[in-house]
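These notes concern the structure reproduced below.
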Amino acid sequence: MLIQKLRLQRGWSQEQLATVSGLSVRTIQRIEHGQSASLETLSALASVFEVDVSQLTEPQETKVSDFSSHSTAADEAIAFERVRRIKAYYMQIIRCIVILTILTVINLVTGPNYFWVIWPALVWIVALALKGLSIFEMVPFLNADWEKKKVETYLGRKL
């Protein structure tokens, strides 16, 4: 958790931390999810964050002020992840347009009597539309509020 806090304080993504530390993104993810890290890994992270290795291994005291900064950092992380998902979605739309254009040209050159390109186009467009509904949270049971309510329900808390 401390690694994630230090990373978010600097405004880095997991990919950026992995790049500057020389570790894999998966290693960063595992450490942030509570798995133990080797001394070599902790040394690499300590040098990146300019702290002592012992500071990364000691249990941290939780202060009231940490909750507000963590909440803000977590909100920023969630916002960055959402923007990344939207960007990836737009890139998929661009790929779809390019590939369908190439397929249309191939269809018209090889067999203009039967317009077969419509079938992959329909499948791809429907898939992109469904993904867009999910990404832009237009489906009630796929949005963040629904997830939050379900987590609270499973944890036995009331909203």
Side-chain angles (χ1 to χ4, degrees), residues 1-38 40-42 44-45 47-49 66-159:
M1 193 60 122
L2 178 63
I3 303 297
Q4 183 179 24
K5 182 178 176 182
L6 291 170
R7 175 179 63 80
L8 292 174
Q9 284 176 346
R10 286 165 177 74
W12 293 345
S13 66
Q14 289 178 336
E15 293 82 9
Q16 290 170 322
L17 177 57
T19 301
V20 296
S21 65
L23 302 171
S24 71
V25 176
R26 186 68 189 130
T27 300
I28 303 298
Q29 291 171 344
R30 287 181 181 140
I31 294 169
E32 288 186 359
H33 284 103
Q35 292 185 5
S36 59
S38 68
E40 181 180 322
T41 299
L42 290 174
L45 291 170
S47 67
V48 167
F49 291 125
D66 287 347
F67 287 119
S68 62
S69 66
H70 175 68
S71 176
T72 303
D75 290 343
E76 286 180 10
I78 291 168
F80 278 120
E81 180 59 30
R82 185 161 189 237
V83 169
R84 279 189 217 108
R85 288 179 62 211
I86 292 171
K87 178 182 173 186
Y89 176 69
Y90 288 145
M91 292 304 295
Q92 286 179 338
I93 290 174
I94 292 170
R95 275 188 292 252
C96 174
I97 292 169
V98 169
I99 292 172
L100 288 177
T101 302
I102 292 169
L103 288 176
T104 302
V105 169
I106 291 170
N107 186 180
L108 293 174
V109 168
T110 60
N113 298 336
Y114 177 63
F115 201 60
W116 54 262
V117 76
I118 194 73
W119 301 113
L122 285 174
V123 170
W124 210 337
I125 290 169
V126 168
L128 282 174
L130 292 174
K131 186 168 186 167
L133 290 173
S134 172
I135 287 176
F136 293 107
E137 298 183 353
M138 298 174 135
V139 180
F141 58 89
L142 296 177
N143 64 23
D145 290 335
W146 178 83
E147 288 178 6
K148 185 177 179 179
K149 288 177 186 173
K150 282 298 181 186
V151 168
E152 295 297 326
T153 302
Y154 288 132
L155 292 174
R157 299 182 200 153
K158 295 188 180 190
L159 292 175

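Remember, it's a predicted structure, so these values are computed and weren't measured experimentally.
Not a single donor-acceptor pair under 3.5 Å links the side chain of E32 to the backbone N or O of Q29.
With sequence neighbours excluded, the residues that form a side chain to side chain donor-acceptor pair (under 3.5 Å) with S24 are T27. Under the rule for a side chain to side chain donor-acceptor pair (under 3.5 Å), the partners of T41 that lie at least two apart in sequence or sit in another chain are S38. When the salt bridge (charged side-chain N to carboxylate O under 4.0 Å, His left out) test is applied to R85, no partner is found at least two apart in sequence or on another chain. Every residue was checked against the ring pair (Phe, Tyr, Trp, His ring centres under 6.0 Å) condition with W124, not counting sequence neighbours, and none meets it. Among residues two or more places apart in sequence or in another chain, the side-chain contact (heavy atoms from CB on, under 4.5 Å) test is passed with S36 by none.
If you take CD1 on I125 and CG on L130, they are separated by 12.0 Å, rounding to the nearest 0.5 Å. Of the inter-residue distances, the one linking I102 atom CD1 with I97 atom CD1 reads 12.5 Å to the nearest 0.5 angstrom. Here CD of E81 is found 10.5 Å from CD1 of I86. Values are rounded to the nearest 0.5 Å. To the nearest 0.5 angstrom, T104 atom OG1 is 8.5 Å from I118 atom CD1. Distance check, rounded to the nearest 0.5 Å: CD of Q4 to CD1 of I28 gives 11.0 Å. Taken to the nearest 0.5 Å, the CZ atom of R7 stands 9.0 Å off from the CD atom of Q16.
Within the structure, side-chain hydrogen bond (donor to acceptor under 3.5 Å, both in side chains) contacts touching residues 87-103 (residues at least two apart or in different chains) are Q92-K131.
Here the side chains of L6 and L45 are not in contact, with every heavy-atom distance at 4.5 Å or above. At least one side-chain heavy atom of I3 sits less than 4.5 Å from a side-chain heavy atom of F49. Within the 4.5 Å cutoff, no side-chain heavy atoms of L17 are placed close to those of L23.
Taking both residues in full, the closest heavy atoms of L100 and P120 are given as CD2-C, 4.4 Å, listed atom of the first, atom of the second, then distance. Heavy atoms only, all atoms of each residue included: A44 and S21 are closest at CB-O, 3.8 Å.
When V123, L122, V117 are each tested for a side chain to side chain contact (heavy atoms under 4.5 Å, CB included) with W119, only one passes: L122.
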